[in-house]
Amino acid sequence: AVAAMQHAFVLKVPLSINKFLIPSLVGGLGGLLVGLWLERMQAKNLALRESEERFRIIFENAGAGMATIDPEGIFLEVNPVLCHYLGYSSSELVGRSVFSITHPEDLEKSRDWQRQVVQATKFPSLVEKRYLRKDGETVWGHISLSPFYDVTGTLLYVVSIVQDITEQKNAKDEIRQ
């Protein structure tokens with residue numbers, strides 16, 4: 001019990017102290033190696049926190065709509081631009097299926113893309129599709145899909161970047177008519 005308490009105490013002390021305490025508590029070369037390992041782990045944890053913070057800043061301040069979506073197509077996170085584009089608040093989108101706001105004519109191809117991403121087969125990384133805004137208006141999006149898999153190849157989530165191309169699509173339709 002005392003060793004466990006000492007171990008817990010050492011892990012909570014600043015790294016500069018750990019370098020000196022661990023060798024004396026554990027003893028010799030083993031303590032030095034543990035201290036170096038802890039230093040490396042703390043550096044990795046710091047780098048990970050900094051990377052996550054950079055992603056968060058980019059996500060929240062991007063000029064395009066962004067979302068993280070789980071393997072079933074459920075919004076995990078959405079940024080303010082996507083909320084504005086779709087006319088929903090963040091709390092209305094998070095936990096909601098992306099398919100529930102997909103235009104009916106694009107639903108089948110959207111489900112096909114989702115299956116391909118989950119199965120890690122070849123899938124289009126850039127797609128165009130229509131969404132239904134909260135007010136019922138149809139909007140077009142140019143979407144970049146970036147899946148993130150774990151080491152076993154299981155899909156963790158997809159980062160989706162959506163650019164509003166509604167005006168371009170409407171202008172092309174007007175030219176055709």
Side-chain angles (χ1 to χ4, degrees), residues 11-12 40-177:
L11 293 177
K12 292 181 181 180
R40 181 172 290 147
M41 292 306 294
Q42 288 177 338
K44 285 182 180 182
N45 286 338
L46 177 61
L48 178 61
R49 284 193 306 274
E50 288 171 351
S51 175
E52 289 170 347
E53 183 60 23
R54 276 191 306 276
F55 177 78
R56 174 73 33 223
I57 290 168
I58 291 167
F59 188 85
E60 292 298 326
N61 297 296
M66 290 184 72
T68 56
I69 302 168
D70 80 2
E72 285 75 43
I74 304 298
F75 286 111
L76 300 172
E77 300 172 288
V78 293
N79 76 348
V81 174
L82 187 65
C83 292
H84 178 72
Y85 168 64
L86 296 172
Y88 290 92
S89 69
S90 176
S91 62
E92 290 173 307
L93 285 175
V94 171
R96 184 180 191 134
S97 170
V98 69
F99 305 116
S100 71
I101 58 168
T102 297
H103 190 279
E105 293 177 24
D106 293 342
L107 196 54
E108 187 176 331
K109 70 180 177 182
S110 293
R111 290 192 187 278
D112 286 342
W113 297 329
Q114 185 252 356
R115 276 191 290 277
Q116 292 169 4
V117 170
V118 168
Q119 295 168 359
T121 59
K122 187 174 173 89
F123 66 92
S125 58
L126 296 173
V127 296
E128 289 183 359
K129 70 178 255 184
R130 290 166 286 186
Y131 291 100
L132 298 174
R133 286 178 42 90
K134 185 177 181 179
D135 62 12
E137 180 185 346
T138 297
V139 290
W140 279 91
H142 181 82
I143 305 147
S144 172
L145 302 171
S146 298
F148 289 83
Y149 302 94
D150 68 12
V151 293
T152 68
T154 302
L155 179 66
L156 299 173
Y157 59 91
V158 174
V159 173
S160 176
I161 301 173
V162 183
Q163 294 178 321
D164 183 0
I165 58 167
T166 306
E167 287 183 18
Q168 295 93 318
K169 286 290 194 176
N170 290 343
K172 284 182 183 178
D173 287 345
E174 286 179 23
I175 291 171
R176 285 187 203 140
Q177 295 174 1

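Atoms considered below: every heavy atom in the structure, side chains included; atoms not considered: hydrogens, waters and symmetry mates.
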Nearest-0.5 Å distance that lies between atom [atom1] in [X] and atom [atom2] in [Y]:
X: L132; Y: T102; atom1: CG; atom2: OG1; answer: 7.5 Å
X: E72; Y: D70; atom1: CD; atom2: CG; answer: 4.5 Å
X: H142; Y: D164; atom1: NE2; atom2: CG; answer: 12.5 Å

**Sequence neighbours excluded - side-chain hydrogen bond (donor to acceptor under 3.5 Å, both in side chains) pairs with any residue from residues 76-88** = R56-E77, T68-E77

**Request:** Using the ring pair (Phe, Tyr, Trp, His ring centres under 6.0 Å) rule, pick out the option among F75, Y149, F148 that qualifies with Y157.
**Result:** F148

Of all heavy-atom pairs between [X] and [Y], which one has the smallest distance, and what is that distance?
X: S110; Y: K129; result: OG-NZ, 3.2 Å
X: P80; Y: E60; result: CD-OE1, 3.5 Å
X: S100; Y: R96; result: OG-NE, 2.8 Å
X: V162; Y: A64; result: O-CB, 3.6 Å
X: R133; Y: V139; result: CD-CG1, 3.5 Å
X: P147; Y: L155; result: CB-CD1, 3.7 Å

**Request:** Spell out, as yes or no, whether a donor-acceptor pair under 3.5 Å connects the side chain of S97 to the backbone of I74.
**Result:** no

Side chain to side chain, [X] and [Y], heavy atoms closer than 4.5 Å:
X: L93; Y: I101; result: yes
X: V98; Y: Y131; result: yes
X: M66; Y: V81; result: no

**Item:** Any residue meeting salt bridge (charged side-chain N to carboxylate O under 4.0 Å, His left out) with K169, in chain and number order, not counting sequence neighbours
**Value:** E128

**Prompt:** More than 12 non-hydrogen atoms from neighbouring residues, nucleotides or ligands closer than 6.0 Å to NZ on K172, yes or no?
**Reply:** no

**Message:** Under the criterion salt bridge (charged side-chain N to carboxylate O under 4.0 Å, His left out), I'd like the reasoning laid out for R115 against D112: C-alpha separation, chi angles, the key distance, then a yes or no.
**Reply:** CA-CA 5 Å; R115 276 191 290 277; D112 286 342; 2.4 Å; yes

